[in-house]
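Down below is the structure, laid out as structure tokens.
Quick caveat: nothing in here was measured; it's all calculated off a predicted structure. All values below were derived from every heavy atom in this structure, side-chain atoms included, with hydrogens, water molecules and symmetry-related copies excluded.
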Amino acid sequence: MDEAITIHQIYLSSGHDFKGRFNKGRLNNGVQRVDSVECVEGRGLVGDRYFDFKEDYKGQVSLMSAEAIEAMESDLNLKVGDRSDFRRNVIVSGADLNALVGIDFRIGEVELRGVEQCKPCFWMDEAIGEGAYAALEGRGGLRCRILKSGVLRKGETTIQTLAR
């Protein structure tokens, strides 16, 4: 597979807003929008909360589909004000992210392995809107390991599955 995709947004955050926060309230760590980000093999995105989080961490970078966001908005009859509220690193269109679980692939110069779907958490109802948690089931995004370092950039690029 070699398909055209678009990287719409790239987000980094130095801290967690929801992780480990059950019954404690949301933290409000800032989110930085960037036009490009350095992806470091086995470590994560430079400047992000998951950089060097754990050895071989399965969520070194998270992707989310713009089409999934639009479908959720349609299902719930709401408009997401800020896509950074999903707490995913990269918003793309043109790729079936669920089909990449267990697959090695390249976006631009960066090689990734799709590890698992990002499961939405109950906080999505607070961050996005009532019903978002349920509406995102099966379309919450993709957690990836970085296999080959490089830079991801906003804009048009390609996604290519890799034979290993």
Heavy-atom side-chain proximity of [X] to [Y] below 4.5 angstrom:
{"X": "Val90", "Y": "Met64", "result": "no"}
{"X": "Leu12", "Y": "Val31", "result": "no"}
{"X": "Leu63", "Y": "Cys144", "result": "yes"}
{"X": "Val151", "Y": "Glu109", "result": "yes"}
{"X": "Glu156", "Y": "Ile5", "result": "no"}
{"X": "Arg83", "Y": "Tyr11", "result": "yes"}
{"X": "Ile10", "Y": "Arg33", "result": "no"}
{"X": "Leu142", "Y": "Gln117", "result": "no"}

ILVMFWY cluster, [X] and [Y] together (side-chain gap under 4.5 Å):
{"X": "Val115", "Y": "Ile146", "value": "no"}
{"X": "Leu147", "Y": "Val40", "value": "no"}
{"X": "Tyr57", "Y": "Val46", "value": "no"}

Subject >> side-chain contact (heavy atoms from CB on, under 4.5 Å) assessment of Arg143 paired with Tyr50 >> reply: CA-CA 12 Å; Arg143 291 177 193 233; Tyr50 285 111; 5.5 Å; no
Original post:
In terms of heavy-atom contacts, does CD of Glu137 have more than 12 from other residues, nucleotides or ligands at under 6.0 Å?
Top reply: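 Check fails, neighbour count at 12 or below.
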Subject >> Arg153/Asp35 ion pair, N-O < 4.0 Å >> reply: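 Salt bridge: no.
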Counting N and O atoms only, with roles assigned by atom type, does the side chain of [X] sit under 3.5 Å from a partner on the main chain of [Y], one being a donor and the other an acceptor?
{"X": "Glu116", "Y": "Val101", "result": "no"}
{"X": "Asp85", "Y": "Ile128", "result": "no"}
{"X": "Arg88", "Y": "Gly140", "result": "yes"}
{"X": "Ser62", "Y": "Asn89", "result": "yes"}

Subject >> Any donor-acceptor N or O pair under 3.5 Å, side chains Ser65, Arg139 >> reply: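 On atom types as modelled, these side chains do not qualify, holding no pair under 3.5 Å.
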Subject >> Polar side chain donor-acceptor pair, Gln60 to Arg145, under 3.5 angstrom >> reply: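 Judged by distance alone, the side chains do not pair up.
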Original post:
Which of these, Asp52, Asp56, Asp48, sits in a side-chain hydrogen bond (donor to acceptor under 3.5 Å, both in side chains) with Arg43?
Top reply: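 Of the listed options, the one satisfying the test is Asp52.
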**OP:** Check the pair Glu41, Lys148 against salt bridge (charged side-chain N to carboxylate O under 4.0 Å, His left out), reporting the backbone distance first and the verdict last.
**Re:** CA-CA 5 Å; Glu41 178 181 334; Lys148 181 181 173 199; over 6 Å; no
Subject >> All side-chain contact (heavy atoms from CB on, under 4.5 Å) counterparts of Thr158, not counting sequence neighbours >> reply: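 Here the qualifying residues are Asp2.
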Original post:
Say you draw a straight line from OG of Ser13 to CD of Gln32; how long is it, rounded to the nearest 0.5 Å?
Top reply: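 Ser13 OG to Gln32 CD: 9.5 Å, rounded to 0.5 Å.
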